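Each remark here refers to the structure printed beneath this line.
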Amino acid sequence: MAPPRSVEAPEMAPVHTVDRTPQYEEFMARLREFHEKRGTNLDPLPKLGLNHVDLFKLFNYIVERGGYDKVSDEKLAWRRMCEGLGLMTTNPPAAAFGLKSIFYKNLAAFEIRTVHNKEPPPPEILEHITARGSGLLTRTLETYKTNRRDTAHERSDGDDGTPVRDRRPEDIPGSARASRGLREAPPQRVIFQPDTAPPRQSRQASGQHTTPAAHTSHPSPHTQPHSHSHNLIQPPNMQALRLQSQRDSPTAAWRPANPEQQLGVVHSYQPQDPTGTPVRVVPTPMNAPEEFSRSRRLASMQAVGSMQVRPPGSKLNAQMLLKGPNIYLRCVTALRSGIRSEQTFGLHHLVKISFERGEKFRFEQFPGLVDGLAEKALEVGNLFYHVNWTITFDHDQEGGPIGELDGSEGTPDILERIAKLTPKDVQDSIRPAEFSDQLVLITEAMLTIRNMAMLYDNASYLSEYPVLKDLLCIILHLPKKEVVVELKHFALDIAEQVTPCLILESDDPLYKTLLAQLDSDDRGCILTALRAIGRVSMNLAQTNKLGGVPASVLENVMNWLLLNDDELLDACLDFLYQYTAVVTNVDSLLKAVKVEHLVTHLVRLLSHGAKRESKELVIEPEHKTPGGEFIVEIPRDLFERLLAAEEPERCYQWLRCLFEEDPESQITQIAVWQAYTNSFLEPLKKSGRSLINAAEFIRNISQVYQSAGAQIVRDHGPMGEVNRFIIKGIRPRSRPISPDGREYFRCLWARNEPKPGEPVKCGVWFASAKPMYYHIIEHHLGKELRDSEDGSNKEVSNKDDGVARSCVWGGCRKYPQPIKLPFITFMAHVKTHLVIEERKYNAPQHTDISQTPGGSIISSNKRPKPPYVRPARIINLTYQETVTVRDERNPNALPQAAGIPLSAILVLRNIARNVVKTEAEEELLKLQENKGEGENGGWNERLFRPMLPRLYEIMAENKSLAPHIASLLQLLEF
């Protein structure tokens, strides 16, 4: 009795997939490198059943549970590993051993090296043999050779595996599964020889004196038998014959010692000579493909009724009587039997088989299957109309009943016949049980055909079955009721798979039926019908011209382009692409719809799903300006402040204000010392103070800048080697700074009459805008300043003097020529320059304020880069990105346009190419010529001229669509 199942079902593991994360790629790179060095082969994507195994997940999962040896030592452990990784199949022992082999071949040696830090066994005793046994950490050439026979049949995954031939179940300790071992080969048998001797010898024979040899040997064939009892042949010793048959060759080569005991049939058997077999030519796919296809189709349609039918009086095969037909043939014969219960059984299993075994279930393997399914599906006519659809192969019959369908060539007037049918009163809400049961069987028959049609071989087979098109037309023209919605969807799915192998002209019934579905209000019907129409003759050499499309269908397609439905948009654009490829269709399109609106919608779809992206393009990279020996002049206010300080504070402040750290720059010691002495030597002598000595001055540099230090460099000059005394790690500032960190900026007011050798600009240093403001008023504008009443500011004594002034600040174009302005207005303008200049060099530092998990506030100042670092010149490019794909044949090529934008531009290109060839183009040109509008008009001018700005914009912003739009513009020739 099976153990009761647990109430709580175990949690199912997720489906195993290969996740190509950065960690996975790094792991696989290490694993490939390891196997290359080891000289073994790596299978990066091994398969277990139908799934690819992620080696990264498998390695981590096994290592977390102790590694290969520990898992292999536990019973049924590898089965649990399969369940945990989501790799279980219908055969757990095979899955367990397969997973163990994958780890053994690809990861076992890698685990020993990386996890256990040991040298793995050689490949001869690891990867080159099967995954059996454990103890890889202790396996060596010596130990494995001695224990190879003992461990040959061990299975550490808890499964007994497939026993070898010399292993008996009773030899396995504790094994009660004797049925899993291979059976012993039966002993060699001999042909049965009846014992013809009498059960008892006669008195005369028994009275004869015989020797032991007479009982164990056979009489010679040349000896003549004697009369009476001596003419009886002695029976052979059967035990001796049985022992001899086991010692000698097999039964086929065994010959008894006494020829009289051998059957004549066996003795006279000779193999048949194959050369005497008559040979006839048969049609094959190579020598007669058309005849071969026709003969197979006719044989499958006409010889179905005799399949699996036993002729009267014939005997049953013993093997068939024991095993019976397989489930496939059982279902086919049940379907063709006409018995309701048998059909229910057959269709139920056919639906399951076609869904689960679709890749191996083909119509050509089961003659009569498609006929049985079609006949069952045609019974739907009797449910909704007063008709019984039947299939006939009578080609000569004309004007037959309305319900007879031509099984050889199809029924060309099927639509007219359907229109003449009288419908029955069928209610959706209330249906009889018989009606519902019959409709279920019909639906299952259509579902079986639909499932099998998903395989291309079956779809190609159905395309050569003429009744299929009649069946699809009948089902798609059923009344608009809820009970047949599922049937219609199945029929459209079948049509979608079969139409690539069909040639449908504009008068074909199935083509008209599919076009009629585009007037439906069911999105599923519309979408599938569009796909089926767009795929007509896709796999054939003949193209589909899509003729005879009604104007209402074209209007619907144009209206559907306005919907936010990607699947429907894609199907509509595929339809329009094939439709506009024909000139006559474009002419019909111009007469049916407002093509100007269609072009507008198509141009709008060029940006469907587009994303705005920004990219920084570096024109000039960031670089440092080279340092030099020039030291800027110290500002006047800073000089007075430093002169009042004492040594060594004066030295410290001077170095901080005029120099900055730069590990890659250097300056000579003499240049720094001369600049310091030129600034303070004379003023200090006048005040009676002494200057710091040179040695102490050089040492103070390292106190101010710890990365700077004095060095001696040997240079090779024209006079030989010369020692240069430098200070490494500092460079002169391009602008001095004040002790409080404010950067000085120059006055850019142009001098009136500069002297030779003087700069054109003023160039006086100031740390703020206010003193520079007073400097410009007093020194450049010639105004007198006086202190205000409170003494905090200065005022201009004569403000409005009526003098015309121009702004000569560097780069200003506001007042290039002298103009009479109120002085306060003019100075307000000048003040804007000063404020901008001050903010340029003394802008407040940007502060980031963040809060720690504990609640404390942390502020970090992002200091600007040093002035000697020239920032990179960068421009921001904004562009559009739509759907793109990479070419599988050339993965290194740039991504190509795809999806709805590509389909839209291809439709526009078809319209632009073919509209100039239509009759409507000639009529429009004649009309324009009569009105005197010139010869430059036409449909391209009317359709695409308003869209040109948008087309150029998309071509400039969308790199993937640019080549296609360029080809469109070349066709327009504006």
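If you're wondering where the values come from, they're calculated on a predicted model, not measured in any experiment. All residue numbers in this chain count up from 1 along the given sequence.
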Nearest atoms (heavy-atom pairs only) where [X] meets [Y]:
X	Y	result
W765	S734	CH2-O, 3.9 Å
P736	E633	CG-O, 4.4 Å
L968	A912	CD1-CB, 3.7 Å
H608	P901	O-CG, 3.7 Å
S607	Q880	OG-OE1, 3.6 Å
A769	E838	CB-OE1, 3.3 Å

Can you confirm whether [X] is buried at [atom1], in the sense that more than 12 heavy atoms of other residues, nucleotides or ligands lie under 6.0 Å from that atom?
X	atom1	value
Y879	OH	yes
R873	CZ	no
R735	CZ	yes
E649	CD	yes
K728	NZ	yes
N564	CG	no
R641	CZ	no

Are the side chain of S738 and the backbone of R742 linked by a donor-acceptor contact shorter than 3.5 Å?
->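 Judged by distance alone, yes, a pair lies under 3.5 Å.
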
Side-chain donor/acceptor of N700 to backbone N/O of P648, under 3.5 Å =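 No, because the side chain of N700 does not come within donor-acceptor range (under 3.5 Å) of the backbone of P648.
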
Distance, nearest 0.5 Å, that separates [atom1] of [X] from [atom2] of [Y]:
X	Y	atom1	atom2	result
I701	E696	CD1	CD	12.0 Å
K594	T600	NZ	OG1	11.0 Å
Q653	I737	CD	CD1	9.5 Å
D662	I667	CG	CD1	11.5 Å
N940	I911	CG	CD1	9.5 Å
I712	N723	CD1	CG	6.5 Å

K831 to Y773, cation-pi by 6.0 Å centre distance and 45° axis angle =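 Pair K831/Y773 counts as cation-pi.
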
Using the ring of F745 (Phe, Tyr or Trp, six-membered ring only), decide whether K840 places NZ or CZ under 6.0 Å from its centre and within 45 degrees of its axis.
->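 Geometry flag: not set, cation outside 6.0 Å or 45°.
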
Verdict with reasoning, I777 to F823, per side-chain contact (heavy atoms from CB on, under 4.5 Å) = CA-CA 10 Å; I777 293 175; F823 186 78; 4.3 Å; yes

Between [Y] and [X], is there a side-chain heavy-atom distance shorter than 4.5 Å?
X	Y	result
V632	R733	no
V599	F944	yes
V915	V595	no
R604	H601	yes
I727	I730	yes
I698	F725	no
C747	K761	no
D637	F639	no

Report yes or no: do [X] and [Y] form a side-chain donor-acceptor pair below 3.5 Å?
X	Y	value
T21	D19	no
N958	T882	yes
S960	Q896	no
E661	S707	yes

For the residue pair F659 and Y705, is the inter-centroid distance of their aromatic rings smaller than 6.0 Å?
->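 No, the ring centres sit 6.0 Å or more apart.
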
Electrostatic pair [X]-[Y], nearest N-O below 4.0 angstrom:
X	Y	answer
R650	E647	yes
E640	R636	yes
D887	R889	yes
E664	K624	yes

For V835 and R839, what are the C-alpha separation, side-chain angles and deciding distance, and is it a side-chain contact (heavy atoms from CB on, under 4.5 Å)?
-> CA-CA 6 Å; V835 173; R839 291 180 178 176; 3.6 Å; yes

All salt bridge (charged side-chain N to carboxylate O under 4.0 Å, His left out) counterparts of R886, not counting sequence neighbours =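 Salt bridge (charged side-chain N to carboxylate O under 4.0 Å, His left out) check on R886 returns nothing, list empty.
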
Which donor-acceptor pairs under 3.5 Å do the side chains of residues 610-620 make with protein atoms, sequence neighbours left out?
{"unit_1": "R612", "atom_1": "NH1", "unit_2": "E957", "atom_2": "OE1", "d": "3.3"}
{"unit_1": "R612", "atom_1": "NH1", "unit_2": "E957", "atom_2": "OE2", "d": "3.3"}
{"unit_1": "R612", "atom_1": "NH2", "unit_2": "E957", "atom_2": "OE1", "d": "3.1"}

Given T677 and L691, is the side-chain contact (heavy atoms from CB on, under 4.5 Å) satisfied, shown in steps?
-> CA-CA 8 Å; T677 56; L691 187 67; 3.6 Å; yes

Look at the rings of [X] and [Y] and say which category their plane angle falls in: under 30° parallel, 30 to 60° tilted, over 60° perpendicular.
X	Y	value
F826	Y815	tilted
H775	H780	perpendicular
Y676	F680	tilted

Evaluate the side-chain contact (heavy atoms from CB on, under 4.5 Å) criterion for residues W560 and L569: first the C-alpha distance (whole Å), next the side-chain angles of each, then the deciding distance (0.1 Å), finally the verdict.
-> CA-CA 7 Å; W560 292 331; L569 285 176; over 6 Å; no

